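What you are looking at is a predicted structure, and each value in this text was computed from that prediction instead of being measured.
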Amino acid sequence: MRIWTLVALWLWLASLPVAAAAEIEMQARPALGRNVRFGDPVPVSVQLFNRGPACTLRIRARPIHHSGRTSEDLSHAEATTELAPGARKRIPLLVPPLRGSSEIEVLAWEGRRQVARNTLPLDITYSKSRITVVLTPEPGAFAWLAAQTWDDGQQAETLTVNEVPAETFPEEAAGLAGVQFLVLHDLSRLPLSAAAQGAMADWVRSGGRLLVFATPDPAEFRGSPLEALLPIRPTGTDTAEGLPVLTGPLDQGLVVQSRGGLPLLTVAPRVAGVAGLIGTPLPSTDILGSVATRDLLRAFTSACDLLERRFPDLPEDLDLLTAPPELEPPNLALVGWAMLAYVVVVGPVNWLFLRRIDRMLAVFLTVPALAGSFAALTFLGGWMVRGSDLLLLEAGQLALRSGQARACWQGATALYSPRTTEYTLTFPLNLPLTEERAGDPSHWPGFSLVLDTRQELRHLQMRMWSMRRFRGERAVLLRGAITLEPEDGAVRVWNASELDLRDCVTVFRNRTSAPFDVPAGARIRQAWQAPPPPASSPQAGQDPRYGAERELLLKHAFRFQALHPSTPLLMGWSQTGASGVECSDPRARQTALNLVLVQGEDVP
């Protein structure tokens, strides 16, 4: 009887419809080539093709680490997508940096079933080397770059060259965080999306170096996000020594080399970065690897280093948000007195009390009760000292040039949690965040990085009374420009931005003004004070949480101004966040302190 029952059950199960399994072809590749600098995030392009029925896939990419920890534990990138039958789709991922790994594993899951897996080997660069990305419609044309160096007059850095297809180029500026030098050749023949061009423009403004090889068409960049980066505004083409050369007015640009009286190589500062333009499509025998091209490259690198030194850049080793009051150790004297009180109460006092009431056996009850009470009091004291607020802190520098509405923010942001839980942080697509912690990164709590209209750090694990700190830089578009105009005995400041600047001073040729405020939309005329400069410095609010950061940022700013005494510099404080980082928890209290530096034009 049992046998017939099992046979009937088997026949019934066999007659049920079976859902067709997804047939996924996946091809993943590093979006900017396999050469990666140590500690930088890695953009990955995942190409999917669905040969089966419609499905929903979860894509996950993580560094393969020698510790053997799973992707659930390590920081990783993930995305969810839906694929119709026969559909193709490209998924961009940004894998968080993890030191000690030279491979990335990319997995595709449908539900709990793994449907595809790729492994991407990487070449990790540990030495001083500039990761160079080349975008060209002529494969192999810039192979000669690998034999060149970036010489800034102090040391020569090798160029690690990655020639990448335009189809996989990141459309988020955060994906370009590991690139130091970018070559763009013949944009008209490259299928480079507008989003990718916008990411490139943001990357330049936050400190990148871009060298463009143009075509004779003056309208090649018209309407492109890259148009505003060009050192000249091309209006036509002229001929010099038989070569067509783009002509047009300079846009804060500098002619580095010319041919036949026409600009051959022009460069221009673009906020914190530099853009260069070779205004002629020299034939391959003259430009791609020739002596003339190497001379142009050396002239471009020298101009870049000259312009970069004239912009206030925040050092990478500046310690920001490392010791907020919430993380300070308790007062040792208070701890000592508390321990002494505990010993006295649990020992002599408890014994005398029990002896007086003749209940010595109650010691088995009073000692645990006293221990629990002291533990509760200690926890309550820690709660009162460290606070119960969820804090999102930000400290950094917002630098811009006078008369421009674009700025570069560099600094740190930190999340302080009074409880053990998980959070989600969201931040702009042009902000690459790198976590800064001590010890082996393989032992840090992980998170998931998701790219959408913004970046999301999901499952950010926090312990009670702990803080996780990130560092980054991004280009910021203000609502209006801040203009600095020195004149005889005074300086005029026009603040057309949305920033309220507090405790400002202007410094120029060893003269420093008295502190003053410049609210948003205000026009101020401030007289210089006679040298020497006053001993006091702008304080910008009285929040003691940022005391150390305030001193570090000011010290660096005054050091920069001392190197450029002929450049007027406005230093002011803004308590408006510039990083764009937000916390998903509505209880989070955001505070920020940014030093705003407005650099005027050199006065001879």
Side-chain angles (χ1 to χ4, degrees), residues 130-135 142 145 148-157 159 173 176-185 187 197-214 221 224-234 246 248 250-258 263-279 293-316 397 399-410 430 473-477 560 563-564 567 597 599 601-602:
R130 299 216 173 197
I131 300 296
T132 302
V133 169
V134 175
L135 285 168
F142 286 84
L145 272 176
Q148 306 303 306
T149 59
W150 187 289
D151 192 354
D152 62 359
Q154 299 178 351
Q155 62 178 353
E157 298 181 359
L159 299 180
L176 299 173
V179 180
Q180 288 79 49
F181 179 31
L182 198 152
V183 175
L184 177 61
H185 177 221
L187 176 65
Q197 296 179 44
M200 191 184 302
D202 270 349
W203 169 78
V204 171
R205 294 185 179 105
S206 61
R209 299 95 175 168
L210 172 68
L211 180 59
V212 178
F213 288 76
F221 291 90
S224 163
L226 299 176
E227 182 181 12
L229 297 181
L230 299 181
I232 65 174
R233 293 288 173 259
L246 290 178
L250 288 173
D251 183 8
Q252 301 178 347
L254 172 68
V255 178
V256 179
Q257 285 196 17
S258 59
L264 179 62
L265 171 62
T266 53
V267 297
R270 291 297 177 246
V271 192
V274 179
L277 174 68
I278 295 180
T293 312
R294 295 186 180 97
D295 291 342
L296 288 174
L297 178 64
R298 282 194 291 268
F300 174 71
T301 59
S302 300
C304 282
D305 294 316
L306 176 63
L307 294 175
E308 288 169 355
R309 284 195 293 268
R310 302 193 64 82
F311 189 82
D313 190 27
L314 203 62
E316 294 183 358
Q397 170 184 289
L400 66 155
R401 301 181 191 272
S402 174
Q404 297 184 6
R406 295 188 181 273
C408 178
W409 178 83
Q410 298 172 294
N430 67 345
E473 59 184 24
R474 66 180 289 246
V476 179
L477 178 61
F560 172 82
L563 296 175
H564 305 87
T567 303
L597 299 180
Q599 184 182 17
E601 296 292 334
D602 287 355

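Contact annotation: the side chain of M200 approaches that of L135 to within less than 4.5 Å [non-hydrogen atoms, C-beta and beyond]. You'll find the side chain of L176 stays beyond 4.5 Å of the side chain of D202, heavy atoms only. A 4.5 Å side-chain heavy-atom check between L145 and L297 finds at least one atom pair inside the cut-off. In this structure the side chain of D313 never reaches within 4.5 angstrom of the side chain of E308, judged on heavy atoms. Side-chain contact between W150 and R209 is present, with at least one heavy-atom pair separated by less than 4.5 Å.
With hydrogens and angles disregarded, a donor-acceptor distance shorter than 3.5 Å links the side chain of T301 to the backbone of R298. Using modelled atom types, no side-chain atom of R401 and backbone atom of E601 make a donor-acceptor pair closer than 3.5 Å. Remark: side-chain polar atoms of E316 are not paired, donor with acceptor, to backbone N or O of L314 under 3.5 angstrom.
Between A268 and G253 the shortest heavy-atom distance is CB-CA, 3.8 Å. L226 and F221 get closest at one heavy-atom pair: CB-CD2, 4.0 Å.
Residues meeting the ring pair (Phe, Tyr, Trp, His ring centres under 6.0 Å) test with F560, sequence neighbours left out: H564. Considering only residues two or more places apart in sequence or on other chains, F300 meets the ring pair (Phe, Tyr, Trp, His ring centres under 6.0 Å) condition with F181.
Pairs passing the salt bridge (charged side-chain N to carboxylate O under 4.0 Å, His left out) check and including a residue from residues 265-276, sequence neighbours excluded, read D251-R270.
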